[in-house]
Amino acid sequence: MTTLLYDGSFDGLLTAVFEVFEYRYQDVEIISKEKFHQENIFAEIHEVITQCDKSERVFNKLEENIGRSGVHQLLKVFLSEDQEREHLILSAVKQSIRHSGKNILQNYADEEMLKISKICKSVDRERHRMTAFVRFEKMQDGVFFAKIDPDFDVLPLIRKHFKDRYQDQKWMIYDLRRNYGILYDLESCEFFYPEEKLDLHKYQQKFHDEEQNYQTLWQRYFTKTNITERKNLKLHVQHVPKRYWKYLTEKW
């Protein structure tokens, strides 16, 4: 068994996939360094250094074999943080080369391709809910700030949606679980990686003077327009699961 250790990035994973073929490894596993705990003392360890030229060659070959949409599906598998994501992506690459010209991701008779499909659907649902349930709060510096805690690492998938929708104001979206976010400053829309995690107490102290008033007004509006006689909690939870209520001002 050969274990390939990579830096946890998508480019790093594609570099590792390239080196599986480059060094003709047969019995192999790919693991990110942060999750590696050596249990098999007989395993050979190969440390992967991320190289853009290698990852790009794998990316281009995948795009040729399974199309851009297929590559996007594999990106979703990566962002799902599923414990088998490296294995599934390596398997998809191998099959795309073995069955060149066929859309192997639609071969649902294959257990691994079926799992890829299921993961993609779950990630898509989470991406959609993040675009629907994100709530921005105005800060003292005029930037609109939103905090999220999604089950999957969907920030890269919602970046374009918010960039296109909110072009006339500065905003930030921060992933509480993964400690990174997106910053839009009216010109560029970039990822940022703070050294420390967000302190929610200090965060609330930086609200703009108007923010609490806006939140109170919205809560009153929601209460007044709610028709108690037509309340259907079961249907409501179906459309807005309780785990997303923490994002919604009207639920506080």
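Keep in mind that what you see is a predicted model, and the values were worked out from it rather than measured.
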Q: Decide yes or no on side chain to side chain contact (heavy atoms under 4.5 Å, CB included) for F144 and M139, but give the supporting numbers first.
A: CA-CA 6 Å; F144 289 86; M139 310 307 286; over 6 Å; no
Q: Taking atom types as modelled and ignoring hydrogens, do the side chains of D7 and T50 form a donor-acceptor contact shorter than 3.5 angstrom?
A: yes
Q: F18 versus V20: any side-chain heavy-atom pair under 4.5 Å?
A: no
Q: Identify whether the distance between the nearest side-chain nitrogen and carboxylate oxygen of D175 and K147 falls below 4.0 Å.
A: no
Q: Over all heavy atoms of both residues, which pair between Q167 and L186 is shortest? Give the atoms and the distance, please.
A: O-CD2, 3.7 Å
Q: In Å and rounded to the nearest 0.5 Å, what is the CG to CD distance from D151 to E126?
A: 4.5 Å
Q: Would you call D149 and R177 a salt bridge, using N to O less than 4.0 angstrom?
A: yes
Q: Once rounded to the nearest 0.5 Å, what's the spacing between atom CZ of R57 and atom CZ of F21?
A: 12.0 Å
Q: Heavy atoms only: give me the nearest N179-E196 pair and the separation to one decimal.
A: OD1-O, 3.5 Å
Q: Would you call D164-K160 a salt bridge at under 4.0 Å N-O?
A: yes
Q: Can you see which heavy atom on M172 is nearest to which on F136, and at what distance?
A: O-CE2, 3.7 Å
Q: Answer yes or no: is there an ion pair linking D124 with K121, defined by an N-O contact shorter than 4.0 Å?
A: no
Q: Do you know the tightest heavy-atom contact between K76 and C120?
A: CB-SG, 4.1 Å
Q: Restricting to non-hydrogen atoms, name the atom on L4 and the atom on V28 that form the minimum distance, rounded to 0.1 Å.
A: CD1-CG2, 3.3 Å
Q: Side-chain polar contacts of residues 80-92 - donor-acceptor pairs under 3.5 angstrom, sequence neighbours left out - could you list them?
A:
unit_1 : atom_1 : unit_2 : atom_2 : d
S80    : OG     : V77    : O      : 2.5
S80    : OG     : D82    : N      : 3.2
E81    : OE1    : R178   : NE     : 3.3
E81    : OE1    : R178   : NH2    : 3.0
E81    : OE2    : R178   : NE     : 2.8
D82    : OD1    : E84    : N      : 2.8
E84    : OE2    : K115   : NZ     : 2.5
R85    : NH1    : F78    : O      : 2.6
E86    : OE2    : Y6     : OH     : 2.6
H87    : NE2    : E112   : OE2    : 2.5
S91    : OG     : E112   : OE1    : 2.4

Q: For T15 and Q51: C-alpha separation, side-chain torsions, deciding distance, then whether side chain to side chain donor-acceptor pair (under 3.5 Å) applies.
A: CA-CA 6 Å; T15 301; Q51 298 179 51; over 6 Å; no
Q: Determine, step by step, whether F152 and L79 satisfy the side chain to side chain contact (heavy atoms under 4.5 Å, CB included) criterion, reporting the C-alpha distance in whole Å, the side-chain angles of both residues, the deciding distance to 0.1 Å, and the verdict.
A: CA-CA 6 Å; F152 309 118; L79 295 175; 5.8 Å; no
Q: Test T2 against D27 for side chain to side chain contact (heavy atoms under 4.5 Å, CB included), laying out the working first.
A: CA-CA 6 Å; T2 301; D27 188 13; over 6 Å; no
Q: For the residue pair Q95 / D110, report whether a side-chain donor-acceptor contact shorter than 3.5 Å exists.
A: yes
Q: Between CD1 of I30 and CD of E19, what distance do you get to the nearest 0.5 Å?
A: 9.5 Å
Q: Is I31 reachable from I49 through a run of I, L, V, M, F, W or Y residues, each pair having side-chain heavy atoms under 4.5 Å apart?
A: no
Q: Give, for atom CD1 of I97 and atom CD of E64, the distance between the pair rounded to the nearest 0.5 Å.
A: 10.0 Å
Q: Is it the case that the ring center of Y166 lies less than 6.0 angstrom away from the ring center of W171?
A: no
Q: Report yes if the side chains of L176 and I148 come closer than 4.5 Å at any heavy-atom pair, otherwise no.
A: no
Q: As a quick check of understanding, evaluate side chain to side chain contact (heavy atoms under 4.5 Å, CB included) for H161 and V134, giving each step before the final call.
A: CA-CA 12 Å; H161 168 85; V134 164; over 6 Å; no
Q: To the nearest 0.5 Å, what is the distance between CG on L105 and OG on S117?
A: 9.0 Å
Q: Considering non-hydrogen atoms only, spot the tightest contact between F207 and Q140 and give its length.
A: O-CG, 3.3 Å
Q: Can you list, by chain and residue number, the hydrophobic cluster partners of Y108 when the side-chain cut-off is 4.5 Å?
A: L114
